[in-house]
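One-based numbering along the sequence shown.
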Amino acid sequence: MKKFFMTLAAAIVAVSASAQVYMGGSVGVGSVKIAGGDAETTYKVLPEIGYNINNNWAVGAYLGFGKGSLDLQNNPFDESTHEFYTIQPYARYTFVKSQYVNVFMDGGVAYTHYNDIANHFAVGLRPGVAVNLGAKLSFVAHCGFLGYHNLDPDGDIVDSSSAFGLDLSGENITFGLYYNF
């Protein structure tokens with residue numbers, strides 16, 4: 001086990017030395033009111049690591065957790081929020097790059113497991129903007145999602161549901177900070 005952690009630490013130091021790695025993450029907070037019930041607070045904590053391949057392209061992944069609703073195209077089987085865990089690898093293309101602001105589009109897939117209730121799969125695009133606060137620090141925001149979602153509930157009580165389209169709900173807005181090595 002010690003060898004594994006030493007190898008992992010050496011790999012992180014080697015990649016960081018090339019000045020192409022960024023680390024950080026995003027958080028999101030929202031409020032959802034389902035089926036006339038009480039409003040519930042939802043949240044996402046999405047630590048992130050990425051690698052800049054060149055000036056325009058990067059790859060990375062979110063590994064996160066949170067609490068959210070399963071509301072997908074008016075799926076009526078569940079009217080509450082649940083804790084979840086997610087992994088979301090992506091490729092990022094930066095199409096506007098300046099000294100102070102970068103505008104980008106993330107294209108990727110996401111797998112989310114809602115504890116004891118369902119699995120969610122998505123593939124699509126997420127626009128974002130990065131405001132460069134200095135040489136090493138950036139404020140990043142994402143808003144919206146354009147793509148395909150599939151929600152597969154555990155058990156045989158309810159069939160899976162899917163949707164394709166643009167989602168600009170408050171649950172799809174995140175803010176974060178990146179540290180650029």
Side-chain angles (χ1 to χ4, degrees), residues 1-2 4-32 40-69 81-114 120-147 149 166-181:
M1 192 61 135
K2 287 182 183 179
F4 171 76
F5 287 118
M6 291 300 291
T7 304
L8 182 62
I12 290 171
V13 168
V15 171
S16 298
S18 67
Q20 295 178 341
V21 172
Y22 56 91
M23 293 179 75
S26 299
V27 295
V29 178
S31 179
V32 64
E40 293 189 48
T41 300
T42 62
Y43 63 89
K44 297 176 188 178
V45 178
L46 301 169
E48 178 180 356
I49 187 166
Y51 179 78
N52 292 310
I53 297 169
N54 58 35
N55 284 337
N56 293 344
W57 285 97
V59 293
Y62 298 97
L63 299 170
F65 63 93
K67 180 181 168 187
S69 68
T81 58
H82 296 277
E83 292 181 355
F84 63 84
Y85 300 93
T86 188
I87 181 168
Q88 302 176 18
Y90 63 85
R92 174 174 293 167
Y93 181 74
T94 303
F95 52 90
V96 175
K97 193 169 190 102
S98 72
Q99 182 179 357
Y100 301 109
V101 176
N102 299 334
V103 180
F104 58 86
M105 182 71 69
D106 287 352
V109 297
Y111 170 76
T112 305
H113 174 74
Y114 288 88
H120 177 245
F121 173 77
V123 59
L125 302 172
R126 293 184 66 212
V129 62
V131 177
N132 301 318
L133 303 174
K136 300 283 186 186
L137 192 63
S138 300
F139 173 79
V140 180
H142 290 89
C143 179
F145 179 84
L146 173 64
H149 291 274
L166 178 64
D167 184 0
L168 296 173
S169 72
E171 289 187 16
N172 276 323
I173 299 172
T174 58
F175 300 101
L177 288 174
Y178 288 174
Y179 183 80
N180 303 292
F181 290 93

- Message: I'd like to know if the side chain of Asn132 reaches the main chain of Gln99, judged simply by a donor and an acceptor atom lying under 3.5 Å from each other, with no hydrogens or angles considered.
- Response: yes
- Grab the two heavy atoms, one from Ala130 and one from Phe104, that are nearest each other, plus how far apart they are. N-CE2, 3.8 Å
- What pair of heavy atoms forms the shortest contact from Tyr62 to Glu48, and how long is it? CE2-OE1, 2.9 Å
- Message: To check you understand the geometry: which heavy-atom pair defines the closest contact between Pro127 and Gly144, and what is its length?
- Response: CD-O, 4.1 Å
- Could you label the plane-to-plane angle of the Phe181 and Tyr179 rings as parallel, tilted or perpendicular, counting under 30° as parallel and over 60° as perpendicular? perpendicular
- Note on the structure: Residues passing the side-chain contact (heavy atoms from CB on, under 4.5 Å) test with Asn55, sequence neighbours excluded, are none
- Task: Kindly compute the distance separating CZ (Arg126) from CD (Gln88), expressed to the nearest 0.5 Å.
- Result: 6.5 Å
- Indicate yes or no: at least one non-hydrogen side-chain atom of Tyr22 is less than 4.5 angstrom from one of Asn52. yes
- Query: Can you find a heavy atom in the side chain of Val101 that is under 4.5 Å from one in the side chain of Val96?
  - Reply: no
- To the nearest 0.5 angstrom, please state how far the CH2 atom of Trp57 sits from the CZ atom of Arg92. 11.5 Å
- Message: With heavy-atom distances below 4.5 Å as the criterion, would you say the side chains of Phe84 and His82 are in contact?
- Response: no
- Item | Contact summary for Gly107 and Leu125, nearest pair of heavy atoms | CA-CD2, 3.8 Å
- Query: Is the side chain of Thr86 donor-acceptor paired with the backbone N or O of Phe65 at a distance under 3.5 Å, no angle test?
  - Reply: no
- Message: Distance check, rounded to the nearest 0.5 Å: Leu166 atom CG versus Leu146 atom CG?
- Response: 6.0 Å
- Over all heavy atoms of both residues, which pair between Phe175 and Phe139 is shortest? Give the atoms and the distance, please. CD2-CZ, 3.5 Å
- Tyr93 side, atom OH; Asp106 side, atom CG - distance, nearest 0.5 Å: 13.5 Å
- For Pro47 and Gly64, which heavy atoms make the closest approach, and how far apart are they? CD-CA, 4.0 Å
- Given side chains that start at C-beta, do those of Val103 and Phe95 come closer than 4.5 Å, heavy atoms only? yes
